[in-house]
A.B. asks: 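First the structure, then my questions, so here it is.
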Amino acid sequence: MKKEIHGLLENNRLWAEKVCRDDPEFFARLSRQQNPDYLWIGCSDSRVPANQIISLPPGEVFVHRNVANLVHHNDLNALSVLQYAVEVLGVRHIMVVGHYGCGGVKAAVTGGDHGMVDIWLHSVRELYSRHREALASLSLDDQVNRMCELNVEAQVMNLCRTKIIQYAWQRGQEVSVHGWVYGLADGRVKDLACSISGLDQIEALYRIEGLSPAG
């Protein structure tokens, strides 16, 4: 184990040295400020690296990841990231990014006992229950992949129902929320065409009229 960790540290040294050779001012420039236009909310899966997928360097993407790329309204971690990204960094685009073949989504679809993660995935199970009849004719893999898309669309809506996003729109801040799914098999991102950019696109039931930070 010690040898493995030493190998990681050596990888870091070699990488840092190469970056400095290629761009001597890189780390000095990066350390001065963080000014990304994008917030990426993705899955914890190690095969889905945010910056690499959209070919942007460090400092360009603010990232939050969890199992099955969920946005729970009682998740202080996700909400803190969201508030900082919107109100401090001033990101203009938020991408909720799922991926086909997601293990978390599959666990919710197939049921069974998976320990603590089942609590986290409860909302995905409820989503599957609502769509189960329509998905019944599909193979298990196709059901999971379709659920990955439906889950992303649901999380886009969850984000837009937060006061954080609605505050931003009411004060005239330009911020859009997008839903994507990444393909592990081909490295391509699919835009689910469910982007939302303003309060008028939110159902009246979830729209907080007359919203103000003080109230």
Side-chain angles (χ1 to χ4, degrees), residues 2 4-99 152 155-156 158-182 184 187-191 195-199 211-214:
K2 187 175 181 180
E4 292 169 352
I5 297 301
H6 177 75
L8 295 180
L9 294 172
E10 180 64 11
N11 288 347
N12 167 254
R13 184 185 66 80
L14 295 172
W15 170 76
E17 289 178 353
K18 181 180 185 303
V19 170
C20 286
R21 285 195 304 271
D22 295 342
D23 183 357
E25 296 299 315
F26 178 83
F27 290 113
R29 187 171 62 250
L30 191 64
S31 65
R32 283 194 289 269
Q33 67 175 356
Q34 177 179 218
N35 190 34
D37 284 329
Y38 309 100
L39 168 61
W40 173 292
I41 299 178
C43 184
S44 298
D45 193 297
S46 61
R47 300 167 294 177
V48 191
N51 286 71
Q52 288 176 262
I53 288 172
I54 50 179
S55 192
L56 288 179
E60 298 296 323
V61 187
F62 200 56
V63 178
H64 176 73
R65 297 170 68 172
N66 61 53
V67 175
N69 43 272
L70 300 182
V71 179
H72 293 308
H73 287 190
N74 60 353
D75 180 2
L76 295 182
N77 186 359
L79 294 179
S80 296
V81 169
L82 178 63
Q83 184 172 25
Y84 187 81
V86 172
E87 297 182 6
V88 179
L89 298 177
V91 299
R92 296 187 300 111
H93 298 280
I94 302 170
M95 296 89 74
V96 180
V97 188
H99 66 94
V152 166
Q155 305 318 310
V156 167
N158 281 345
L159 270 173
C160 294
R161 292 168 183 167
T162 65
K163 289 185 178 182
I164 297 166
I165 296 296
Q166 294 194 21
Y167 282 151
W169 285 332
Q170 286 210 347
R171 61 177 174 261
Q173 185 172 341
E174 292 186 6
V175 57
S176 299
V177 183
H178 313 278
W180 294 355
V181 182
Y182 174 68
L184 294 172
R188 300 294 297 273
V189 169
K190 178 181 179 180
D191 184 351
S195 298
I196 300 178
S197 302
L199 199 58
L211 190 64
S212 68

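Numbers for residues simply follow the sequence, beginning at 1.
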A.B. asks: Side chains of I196 and W169: does their closest heavy-atom pair fall under 4.5 Å?
C.D. replies: yes
A.B. asks: Look at atom CD of E17 and say whether more than 12 heavy atoms of other residues, nucleotides or ligands are closer to it than 6.0 Å.
C.D. replies: yes
A.B. asks: Would you say I41 and M95 make side-chain contact, with heavy atoms under 4.5 Å?
C.D. replies: no
A.B. asks: Taking W180 for its side chain and V152 for its backbone only, find out whether a donor-acceptor pair lies under 3.5 Å.
C.D. replies: no
A.B. asks: Could you walk me through whether W40 and V48 satisfy the side chain to side chain contact (heavy atoms under 4.5 Å, CB included) test, starting with their C-alpha distance in whole Å, then the side-chain angles of each, then the deciding distance to 0.1 Å, before giving a yes or no?
C.D. replies: CA-CA 11 Å; W40 173 292; V48 191; 4.2 Å; yes
A.B. asks: So Q155 and L70, do their side chains get closer than 4.5 Å, heavy atoms only?
C.D. replies: yes
A.B. asks: Within the supplied structure, the quantity of interest is the number of heavy atoms (other residues, nucleotides, ligands) at a distance under 6.0 Å from Q34 CD; does it exceed 12?
C.D. replies: yes
A.B. asks: At what distance, to the nearest 0.5 angstrom, does CD of Q170 lie from CG of L199?
C.D. replies: 5.5 Å
A.B. asks: What do the steps show when you test N35 against L89 for side chain to side chain contact (heavy atoms under 4.5 Å, CB included), and what is the final call?
C.D. replies: CA-CA 6 Å; N35 190 34; L89 298 177; over 6 Å; no
A.B. asks: Quick one: do S176 and H93 satisfy side chain to side chain donor-acceptor pair (under 3.5 Å)? Show the steps, please.
C.D. replies: CA-CA 5 Å; S176 299; H93 298 280; 4.6 Å; no
A.B. asks: How about CZ on R13, more than 12 heavy atoms from neighbouring residues, nucleotides or ligands closer than 6.0 Å, or not?
C.D. replies: yes
A.B. asks: Which pair of non-hydrogen atoms, one from V71 and one from N158, has the smallest distance, and what is that distance?
C.D. replies: O-ND2, 3.3 Å
A.B. asks: Taking all non-hydrogen atoms of both residues, which atom of V86 and which atom of A168 are closest, and how far apart?
C.D. replies: CG1-CB, 3.8 Å
A.B. asks: Please round to the nearest 0.5 Å and tell me the distance separating atom CG of L159 and atom CG of L39.
C.D. replies: 8.0 Å
A.B. asks: CD/Q83 to CD1/I164 distance, rounded to the nearest 0.5 angstrom?
C.D. replies: 5.0 Å
A.B. asks: Can we call the ring centroids of W15 and F27 under 6.0 Å apart?
C.D. replies: yes
A.B. asks: How far apart are the C-alpha atoms of V91 and Y38, what are their side-chain angles, what is the distance that settles it, and do they pass the side chain to side chain contact (heavy atoms under 4.5 Å, CB included) test?
C.D. replies: CA-CA 5 Å; V91 299; Y38 309 100; 5.9 Å; no
A.B. asks: Please tabulate, one pair per line, all N/O donor-acceptor pairs under 3.5 Å involving side-chain atoms of residues 50-62, not counting sequence neighbours.
C.D. replies:
from: N51; atom 1: ND2; to: L56; atom 2: O; distance (Å): 3.1
from: N51; atom 1: ND2; to: P57; atom 2: O; distance (Å): 3.0

A.B. asks: Got R92 and Q173 here, is their nearest side-chain heavy-atom distance under 4.5 Å?
C.D. replies: no
A.B. asks: Please evaluate residues V181 and V97 with respect to the criterion side chain to side chain contact (heavy atoms under 4.5 Å, CB included), reporting the C-alpha separation (whole Å), side-chain torsions for both, the decisive distance (0.1 Å), and the verdict.
C.D. replies: CA-CA 5 Å; V181 182; V97 188; over 6 Å; no
A.B. asks: To the nearest 0.5 angstrom, please state how far the CD1 atom of I94 sits from the OG atom of S195.
C.D. replies: 11.5 Å
A.B. asks: Listing request: all side-chain hydrogen bond (donor to acceptor under 3.5 Å, both in side chains) pairs with a residue in residues 65-78, at least two apart in sequence or in separate chains.
C.D. replies: H64-N66
